[in-house]
Structures are given as C-alpha cells and as structure tokens.
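All remarks here apply to the structure that follows.
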Amino acid sequence: MALTYKTLSLKKFLFIFLSCLLFQQLTAQTIVKFDNGNNIIYKNLQGKTIVKNKKYTIAFTDTISSIGFVGTRKGEIVCINNAGKELFEVYKIDNGPDYVSDGLFRIVGKNSKIGFADTCGAIVIPPVFSYATPFHNGEAKVSFGGKNEKQGEYQSWKSNLWFLIKKQSFFCNRLVDKT
C-alpha cells in the first residue's frame with residue numbers, strides 16, 4: 001500500500017495533536033490535601049507545598065486537578081485553583097460549597113451579589129444578582145432585589161420581581177411570580 005500525501009498529513013496531524021495532549025497532561029498539576037492538625041495545606045505529587053496558608057480551616061476538596069473548595073477562618077468558602085490561587089468566594093449551602101448544577105455553581109461577589117462559575121473556575125455570569133437559584137435544565141431564576149427571610153434553620157428569598165436566565169444565551173425573561 002502506497003502512502004499518499006493525505007495519509008501522511010493525517011498521520012502528522014495526529015502525531016502533533018497527541019503530542020500536545022500528552023504535554024498538557026504532563027504539565028497539569030494535581031495537588032493533594034494534607035492536614036497537619038492546625039492548618040490545611042496542599043502539596044503537589046512531587047511533595048512540594050503549593051498551598052501553605054494558615055487561614056484555611058477545612059478542605060471540601062481532597063485532590064485538586066483544576067479547582068477545589070476550602071473554608072476560611074472567617075467562615076467563607078473560597079474556590080482555589082491547582083496553583084493555590086484564590087479565585088472567588090463560593091455560595092454556601094448546607095454548610096458547604098454550592099452544588100454543581102448544569103455544569104455551574106453559584107459564587108458570591110462584592111456586596112454579596114450572586115453570579116455563576118463553571119467547574120474550570122471561569123466566571124460565566126458575573127455576580128450581579130441579589131439572589132439566584134441553581135441552574136436546572138438550562139435555566140435559573142434570578143432577582144435584583146428582595147430580602148432573605150429566615151424561618152428557624154431554613155431561609156428563603158422573597159422578591160416581587162423574578163427573571164429567568166438561560167444558560168446558553170443568557171437571554172432574560174421576566175417572571176411575574178411573588179414567591
């Protein structure tokens with residue numbers, strides 16, 4: 001069988017593509033949690049300390065390949081990347097970080113505004129909402145106003161004006177719902 005120009009080009013492309021993929025895997029860093037009794041630290045697989053911060057008191061993520069969640073002495077939950085950099089504050093639910101839903105989770109910005117980030121640590125929707133529900137089937141319910149009402153250990157957000165945002169287009173539709 002004679003090799004044609006197309007066959008050689010395809011083989012060359014596959015070689016370059018697979019080489020790049022392998023290089024990315026080799027250079028990607030995974031860090032692992034260690035608890036020395038007083039502080040949470042993260043080390044890479046070679047044993048080098050990456051995160052040696054005394055302000056983290058709890059780790060919600062034991063092994064971080066991309067992002068993870070840690071708790072601070074101030075009671076906040078922050079998202080850190082695999083280099084140990086703090087990315088943003090994460091919305092708290094059930095005494096832990098917000099659950100990932102439809103590939104996104106809620107984050108907290110300045111003035112306690114709510115936005116959304118993805119599982120790679122990228123802010124997808126900036127924190128501009130007073131409240132937002134998690135995405136479900138590509139939609140989330142958001143409000144620019146209202147107030148938090150507590151009933152015992154439970155709480156709910158009350159607003160007279162809600163909007164639906166769509167994950168794919170971020171197109172907003174007004175909802176007339178007083179819940």
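FYI, side chains are in, hydrogens and waters are out, and symmetry mates aren't considered; it's all heavy atoms of this structure.
Here the closest non-hydrogen pair linking Phe60 and Asn95 is CE2-O, 3.7 Å. Residues Thr61 and Lys33 come closest through the heavy atom pair O-CB, 4.4 Å. Pairing each heavy atom of Ala59 with each of Ile40, the nearest pair is CB-CG2, 3.9 Å. Ala132 approaches Ile114 most closely through the heavy-atom pair CB-CG2, 3.8 Å.
In this structure, Asn44 and Ile31 have side chains that are in contact, with non-hydrogen atoms separated by less than 4.5 Å. A 4.5 Å side-chain heavy-atom check between Asp102 and Phe116 finds every atom pair outside the cut-off. Side-chain contact check for Phe135 versus Ile165: some heavy-atom pair is nearer than 4.5 Å. Between Ser130 and Lys113 the shortest side-chain heavy-atom distance falls below 4.5 Å. Using a 4.5 Å cut-off on side-chain heavy atoms (C-beta onward), Val70 and Ile77 make no contact.
In the hydrophobic clustering of this structure, Phe88 does not group with Val128; members are Ile, Leu, Val, Met, Phe, Trp, Tyr whose side-chain heavy atoms approach within less than 4.5 Å, directly or through other members. Under the 4.5 Å side-chain heavy-atom criterion for Ile, Leu, Val, Met, Phe, Trp and Tyr, Leu87 and Val100 are members of the same hydrophobic cluster. Taken together through direct or relayed side-chain contacts under 4.5 Å among Ile, Leu, Val, Met, Phe, Trp and Tyr, Ile58 and Val32 form parts of separate hydrophobic clusters. When the side chains of ILVMFWY residues are joined at heavy-atom separations under 4.5 Å, either directly or via intervening members, Phe105 and Tyr91 end up in two distinct hydrophobic clusters. Residues Ile107 and Ile93 are members of separate hydrophobic clusters, defined by side-chain heavy-atom contacts under 4.5 angstrom among Ile, Leu, Val, Met, Phe, Trp and Tyr.
Donor-acceptor pairing under 3.5 Å is recorded for the side chains of Gln155 and Asn148.
In this structure, Arg106 pairs ionically with Asp98, as a charged nitrogen and a carboxylate oxygen lie closer than 4.0 Å.
A distance below 6.0 Å separates the ring centres of Phe129 and Phe144.
Between Trp157 and Tyr131, the ring planes lie parallel to each other; the angle is under 30°, not in the 30° to 60° tilted range.
Atom-to-atom distance recorded for Leu164:CG and Glu139:CD is 5.0 Å, nearest 0.5 angstrom. Taken from NZ in Lys43 to NZ in Lys52, the straight-line distance is 11.0 Å, to the nearest 0.5 Å. Rounded to the nearest 0.5 Å, atoms NZ (Lys147) and OG (Ser156) are 10.0 Å apart. With rounding to the nearest 0.5 angstrom, the NE2 atom of His136 is 13.0 Å from the NZ atom of Lys141. A distance of 12.5 Å separates OH in Tyr42 from CD1 in Ile50, rounded to the nearest 0.5 Å. To the nearest 0.5 angstrom, Phe69 atom CZ is 14.5 Å from Glu76 atom CD.
Within 6.0 Å of the CD atom in Glu149, the count of heavy atoms belonging to other residues, nucleotides or ligands exceeds 12.
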task: List the steps and the verdict of side chain to side chain contact (heavy atoms under 4.5 Å, CB included) for Val78 and Val90.
output: CA-CA 5 Å; Val78 294; Val90 179; 5.8 Å; no

task: Tell me, with the steps shown, if Asp118 and Leu104 meet side chain to side chain contact (heavy atoms under 4.5 Å, CB included).
output: CA-CA 5 Å; Asp118 66 17; Leu104 302 176; 3.8 Å; yes

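Remark: side-chain polar atoms of Thr30 are not paired, donor with acceptor, to backbone N or O of Ser65 under 3.5 angstrom.
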